[in-house]
Amino acid sequence: MTTTLAPLHEEVIRLSCDGYAYNGRVVHQPNARMAPVVLVGGAFQYQDTWGRLERALRRSASVITVDLPGSGTADALPARYGFDFLTRALDDFLSVAAPSPVNVLGASYGSAIAYQWVQQHPERTERLALMGTMAQLTDHVRARMERVLRLGEQGRRTEIEGAVLDSMMCSSPGVTVSRRPAVVRCLSRALGDLSTNDFAKFLENSRRLLDHPDPGGPTIRVPVLVATGEHDPLTTPALSRDAAHRCADARFTTFKDADHLVHLERPTELADLLTRFFSGESLGGLDYCHPVEYIGRRSPVPAPRTGGERQSSCAPDGS
C-alpha cells in the first residue's frame with residue numbers, strides 16, 4: 001500500500017516580549033503520527049539551521065522552531081534578562097503555535113529554557129528530550145566561558161573560534177568522532193561568518209549562563225530523555241547523567257562516536273532516537289548508542305498522542 005503525503009504547510013509567527021521582537025515557524029505535517037516537536041536550540045542553532053534532523057522529524061510530526069530574543073533573527077537581549085524571561089517568551093510563542101500538548105527538545109544552551117518551560121507547563125508537555133545538558137555550571141565549564149568572554153572583550157575572534165571548538169569537540173586523535181572534519185569546517189564557518197550583531201548576541205548569551213544560576217523548581221514528572229555524545233568535553237556524560245537524576249521518569253544514554261555536536265555528527269541516528277522516544281517506542285537494542293539507563297521513579301504514563309493540528313494562520317504583531 002502506498003501512502004501519499006500531503007504538502008507541508010509552513011506557518012510563520014512573529015511576536016514580541018517586553019518590546020524584544022522574535023519569531024518562529026511551524027511546519028505542519030498533516031499525516032503526523034505523534035505530537036508536534038518543539039526544537040529549542042543552543043549556540044549557533046537558529047530556527048532554520050536544524051537541517052537533516054528537522055527534515056527527518058517532519059516525516060512523523062509537525063515541527064516547531066523559534067528564534068527567541070537574543071538568537072538568530074530576533075532582537076538582541078541583554079544578559080541581565082535571565083532564562084525565566086526566555087521561558088516566558090517561549091510560552092507566549094507556544095500559546096499561539098501549539099494549543100495542544102507537544103514534545104520538546106532542548107539542546108545545550110536551549111536545554112535550560114526547555115527544562116524550565118516543562119517545569120511550568122507539564123500539562124502541555126508529552127515528553128521532554130535534553131541534549132548536551134547539565135544540572136549546574138561546573139568550575140571547569142565556568143572557567144572556559146569566562147575565557148571566551150575575555151577574548152571577546154579584547155576582540156580576539158580568531159582565538160575565540162579555537163576556544164569554542166576546543167570546548168565543544170573532542171580533538172583527541174585516538175578517538176573516533178563521526179564526520180569530524182566536516183563538522184569542524186561547518187562550525188568554523190559559522191563562527192567566522194558571525195556578524196558584529198550576532199557576535200554580540202553570542203557574548204550576551206554566554207554572560208547569561210554565568211550570571212543566572214539554575215533557579216531550581218519542581219521535579220519534572222513527564223517522561224524525559226537525556227543524551228549526549230560519549231566523547232562530549234563540555235556537558236560530559238557524567239554531567240548529563242546527573243541532570244537526568246533530577247527528573248522522576250528519566251532515561252539516559254550516550255551516542256557512540258560523537259561529542260557535544262551530536263545533531264551535526266549523527267543527525268540520522270539522533271532523529272531515530274527522538275522519534276522512538278517521542279512516539280513511545282522501545283529504546284532497546286540500538287547500535288548507535290549505549291544501552292539506555294532508566295533513572296528515577298517510573299510510573300505508568302498515558303500513551304503519546306498525535307494531537308490536533310492548528311489550521312489558522314498566524315496573526316503578526318506588526319513587528
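Between the side chain of D67 and the backbone N or O of A74 there is no donor-acceptor pair closer than 3.5 Å. Between the E204 side chain and the P78 main chain, no donor and acceptor come within less than 3.5 Å of each other. With hydrogens and angles disregarded, no donor-acceptor distance shorter than 3.5 Å links the side chain of R208 to the backbone of F83. In terms of modelled atom types and a separation under 3.5 Å, the side chain of N103 and the main chain of E126 share no donor-acceptor contact. For the pair T253 (side chain) and H290 (backbone), a donor-acceptor distance under 3.5 Å is present. One N or O on the side chain of Q119 and one on the backbone of G216 form a donor-acceptor pair closer than 3.5 Å. The backbone N or O of D272 sits nowhere less than 3.5 Å from a side-chain atom of T275 that would complete a donor-acceptor pair. Remark: the backbone N or O of Q29 is paired with a side-chain donor or acceptor of S62 at under 3.5 angstrom. Between the side chain of S240 and the main chain of A227, no donor-acceptor pair closer than 3.5 Å is present.
Between M34 and E281, every side-chain heavy-atom pair lies at or beyond the 4.5 Å cut-off. In this structure, L225 and R127 have side chains that are not in contact, with every pair of non-hydrogen atoms separated by 4.5 Å or more. Looking only at side-chain heavy atoms (C-beta outward), V40 and L90 come within less than 4.5 Å of each other. In this structure, the side chains of L15 and Y22 come closer than 4.5 Å at one or more pairs of heavy atoms. Using a 4.5 Å heavy-atom cutoff, the side chains of S279 and R33 are in contact. Considering only heavy atoms from C-beta on, V141 stays 4.5 Å or farther from L209 through its side chain. In this structure, T125 and I220 have side chains that are not in contact, with every pair of non-hydrogen atoms separated by 4.5 Å or more. Side-chain atoms of L149 and L203, non-hydrogen and from C-beta on, do get closer than 4.5 Å to each other.
Ring geometry for Y20 versus F85: interplanar angle over 60°, hence perpendicular rather than tilted (30 to 60°).
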> Please walk me through it: do E269 and L286 pass side chain to side chain contact (heavy atoms under 4.5 Å, CB included)?
Replying inline: CA-CA 9 Å; E269 293 84 357; L286 303 177; over 6 Å; no
>> Assess the residue pair T235 and T133 against the criterion (side chain to side chain contact (heavy atoms under 4.5 Å, CB included)); give the C-alpha distance rounded to whole Å, side-chain angles, the decisive distance to 0.1 Å, and a yes or no.
In response: CA-CA 6 Å; T235 54; T133 191; 5.6 Å; no
>> Pair S108, H263 - check side chain to side chain contact (heavy atoms under 4.5 Å, CB included), show working.
In response: CA-CA 11 Å; S108 193; H263 71 288; over 6 Å; no
>> salt bridge (charged side-chain N to carboxylate O under 4.0 Å, His left out), that's the test. Do R144 and D166 meet it? Break it down for me.
In response: CA-CA 10 Å; R144 286 191 175 202; D166 286 344; over 6 Å; no
> Taking it one step at a time, do V38 and W117 satisfy side chain to side chain contact (heavy atoms under 4.5 Å, CB included)?
Replying inline: CA-CA 11 Å; V38 182; W117 185 83; over 6 Å; no
> Under the side chain to side chain donor-acceptor pair (under 3.5 Å) criterion, do D242 and Q136 qualify, and how do the steps go?
Replying inline: CA-CA 9 Å; D242 286 345; Q136 59 185 359; over 6 Å; no
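Checked against salt bridge (charged side-chain N to carboxylate O under 4.0 Å, His left out), E230 has no partners two or more places apart in sequence or in another chain. Among residues two or more places apart in sequence or in another chain, the side chain to side chain contact (heavy atoms under 4.5 Å, CB included) test is passed with A182 by R179, R185.
Salt bridge status for D48 with R25: absent, with no side-chain N to carboxylate O gap under 4.0 Å. Salt-bridge check for R58 with E54: passed, with a basic side-chain N closer than 4.0 Å to an acidic carboxylate O. R150 and E159 are not joined by a salt bridge, as no carboxylate oxygen comes within less than 4.0 angstrom of a charged side-chain nitrogen.
A distance of 9.5 Å separates CD in E161 from CG in L194, rounded to the nearest 0.5 Å. Taken to the nearest 0.5 Å, the CG atom of L191 stands 8.5 Å off from the CZ atom of R157. Between the NE2 atom of H121 and the CG atom of D91 there is a distance of 3.5 Å, given to the nearest 0.5 Å. Atom-to-atom distance recorded for Q154:CD and I160:CD1 is 9.0 Å, nearest 0.5 angstrom. The distance from atom CG of L68 to atom CZ of R88, rounded to the nearest 0.5 Å, is 12.0 Å. The CG atom of L264 lies 9.5 Å from the CG atom of D259; values are rounded to the nearest 0.5 Å.
No donor-acceptor contact under 3.5 angstrom links the side chains of N205 and S71, judged on distance only.
Annotation for G152 and F199: closest pair CA-CZ, 4.1 Å, computed over non-hydrogen atoms. A129 and L274 make their closest contact through CB-CD2, 3.6 Å (heavy atoms, listed as atom of the first residue, atom of the second, distance). Residues L151 and A163 come closest through the heavy atom pair CD1-CB, 4.4 Å. The minimum heavy-atom distance linking I64 with A98 is given by the pair CD1-CB, 3.8 Å. Taking each heavy atom of A248 and R221 in turn, the nearest pair found is CB-NH1, 3.6 Å. Between A114 and L128, the shortest heavy-atom contact is CB-CD1, 4.1 Å.
Both V148 and L210 are assigned to one and the same hydrophobic cluster, defined by single-linkage of ILVMFWY side chains at heavy-atom distances under 4.5 Å. Transitive grouping of hydrophobic side chains (ILVMFWY, heavy atoms separated by less than 4.5 Å) keeps F255 and V177 in distinct clusters.
Residue-environment remark: CG (D139) stays at or below the threshold of 12 foreign heavy atoms within 6.0 Å.
A cation-pi arrangement is absent between R251 and F277 under the rule of less than 6.0 angstrom and at most 45 degrees off the ring axis. Judged by a 6.0 Å distance limit and a 45° cone about the ring axis, R266 is not positioned over the six-membered ring of Y288.
Counting only residues at least two apart or in different chains, ring pair (Phe, Tyr, Trp, His ring centres under 6.0 Å) contacts with residues 202-223 comprise F44-F202.
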